[in-house]
Every structure is written in structure tokens, then in C-alpha cells.
There are 2 protein chains.
Amino acid sequence: MLSIGDLSKRTGVKVPTIRYYEQMGLIEAAERSEGNQRRYERNDLERLAFIRHARDLGLDIPAIRELIALSQHPDLPCANADRIAADHLTAVREKIEKLKKLEHELERIISHCDGHSIEDCYVIRALSDHGLCEGEH
Amino acid sequence: MLSIGDLSKRTGVKVPTIRYYEQMGLIEAAERSEGNQRRYERNDLERLAFIRHARDLGLDIPAIRELIALSQHPDLPCANADRIAADHLTAVREKIEKLKKLEHELERIISHCDGHSIEDCYVIRALSDHGLCEGEH
DNA sequence: GATAATTCCTCTAGTGACTAGAGCTACAAG
DNA sequence: CTTGTAGCTCTAGTCACTAGAGGAATTATC
């Protein structure tokens, strides 16, 4: 039996976050000691590692909830799980594209600034005048 | 004199967002009509376009506040403005790197799944077992 | 000039995924 | 038995808005 602190150390998930996941229904409410403290077992460890891993990949809580539900029905086809992952991949790629546009625009603005006074500062001027931008954003 | 709705249409910033920016001190409290409605002028339009542009580039509100303050002192050197932009560029690049790692990991997981049952689903298995991952994340 | 439709006002609360803190209790080590 | 650490619950804060309630002002139509 593990305390919440033990579970935290073993999974790298902070103690308040574990309690938060319980509240969100990602992990079942733990058994309690006589003094009302949470006590965990091996399968809680696995569940929490699963959640942490999914969060590290950027999945949000509703998606994780769905994956957990799916994982408890080994006989079902896995199309839904694949779809969740694929949708997330699409979202990640879209974010990358947006950020790359920002990156290029910022690079361009910064490289155009000669670094003297605010009056001539290209950073400030570019912000004031959208006409100095390339493309729309 | 423009109403807040006019200002909104001309800049593409939503009405409640304009009020929010006023509250945050990014734009000065507007003059009011007899009936207590906000009335704007040309320079408010420019200021709001500046803010919107900076937000589109992903700058946060404290950074924008600082840029506005700088823009009102044309004689100062523009090193601070350049630094704000450069710091932001660094942050954008870091985000891109993180997202690319996620992208590759998700691609790998998805491509390994044969799409049959949950039991064999590589998406679920990869989440359950960190050992199936490449690299750390 | 009356009425209707639209816009505006303020204020509060909600978003996501936590994080911080207050005030209190339980447990482990010496 | 005391002390220190870890645990408990509950509330509120983060960021940049967004949604909605309930009411007042303005504009358009008749």
C-alpha cells in the first residue's frame, strides 16, 4: 500500500495533481487509511503512469478519460483509440504550422531593426503598421 | 467618434475584449457619451490595432504593456523592444521543438498500430508502457 | 413621435489543467 | 512524547478571454 506521496514520487505526478485527477474521475477514489489518508496499490500506479504519459503527449483530460474507458474493453476494435491519437496529431501539426509562421515573422521583424532609437525601431513600427508584415496572421 | 462596436468592426477585436483591454490598462479609459457609452477616436484605433497585432504574434499582455510604454518614448534606445521580441522568438522556438517531438512520437505510435482490437492496440500499449517510447518526454 | 431592434452598460462566473495557501489532522522517527 | 513531515479539505489564483444576466441607451422603422 502506497501513500499519495509514494505514488507521487514513483510516477512524477505531483500530489495535488493526483487529487485533482481523482476529482476529475481519471482515477478511482482511493481506499483510505483509518486516519482518512489515501492508500494506493499497484494498479493505481499503472493507471497514473498511463495518465501521465498521455498528458506528456499533450492529450487533454476528456481524451484520456475516453482512452481509459477503451482500455477496459480489450475486445473492442481500436479504431476509436487510433482516432483520438490521429486527431491529436493533426492538432499538434496545426500548432506547429502556426508557430512556424510566427517564428518567421518575428525573425524578419527583428532582423530589420537597426537597434537605435524607438523612433526608428522596426519592432515597434511593424506592430503599429500591419502593412509592414508579410502574409496575414 | 466611434462606438465600441465600430472600433470592434474596424480592428477585428471583439467588444468584450476591448473592455477587457481597458481594464488591463492596455488602452486608456475611453470618453463617454451622455448615456455613459464609450466613444473612441482615431488614436484609439491605432492603439488597438497595435495591441491586436502584438497578440497575433503571441506576445502576452505584460509584454504589450511594456512595448506600449516604450513606444511613447521615441528617443530611448530600442534595445528593450528588441529584447522583448527576441525573448518571445526564443519561446516560440522552444514550443516548436517540443511539439515536433510530440509529433514524431505520435506518428510512431500510430503507425505501429495494426488497428484491430484494443487488446493489441499500440496506442493503448504505448501509453501503458513507457518502455515502448523513443527518447524521454 | 412611438415603437422596435440593436447596441451598449456593469457584474459575475466559466474555460483547462493545474498550483498555492490556509488551517487542521495523521503518521513515523527518535 | 515530542517533533517534523506528510496528509486532509476547501478556496482562490493563473491567462486571456468568453458567456450570460439584467438593465439602459441609441438607432431605425413606421
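Note that the coordinates shown come from a computational prediction; the quantities given were computed from them, not determined experimentally. Every heavy atom of this structure was used, including side-chain atoms; hydrogens, water molecules and symmetry mates were not. Naming convention: chains lettered A, B, ... in sequence-line order (proteins, then strands); numbering from 1 in each chain.
Taking atom CZ on A:Arg52 and atom P on C:dA17, their separation rounds to 16 Å, with Å as the unit. Put simply, CD1 on A:Ile4 is 15 Å from C1' on D:dT5, counting in whole angstrom units. Atom CD in A:Glu22 sits roughly 14 Å away from atom P in D:dG7 (whole-Å rounding). With rounding to whole Å, A:Met24 atom CE is found 10 Å from C:dG16 atom C1'. If you take CD1 of B:Ile18 and P of C:dT7, they are 14 Å apart, rounded to a whole angstrom. The CD-C1' distance, from A:Gln23 to D:dA12, rounds to 13 Å in whole Å.
A:His112 is linked by a ring pair (Phe, Tyr, Trp, His ring centres under 6.0 Å) to A:Tyr122, counting only residues two or more places apart in sequence or in another chain. Shown here are the salt bridge (charged side-chain N to carboxylate O under 4.0 Å, His left out) partners of B:Arg38, two or more places apart in sequence or in another chain: B:Glu22.
For the pair B:Asp44 (side chain) and B:Glu41 (backbone), a donor-acceptor distance under 3.5 Å is present.
Side chains of A:Ser3 and A:Asp6: a donor-acceptor N/O pair is present below 3.5 angstrom, by distance only.
Of the side-chain N and O atoms in B:Arg38, one or more sit less than 4.0 angstrom from OP1 or OP2 of C:dT10.
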Reading nucleotides 14-28 of chain D from 5' to 3' and marking B where a protein heavy atom lies under 4.0 Å of the base, S where only the sugar-phosphate is that close, and - otherwise, the string is --BBS------SS--
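The residue A:Arg19 sits close to a base: some heavy atom pair falls under 4.0 Å.
Distance check: A:Leu57 CG to B:Leu127 CG gives 6.0 Å after rounding to the nearest 0.5 Å. With values rounded to the nearest 0.5 angstrom, B:Tyr40 atom OH is found 11.5 Å from B:Leu45 atom CG.
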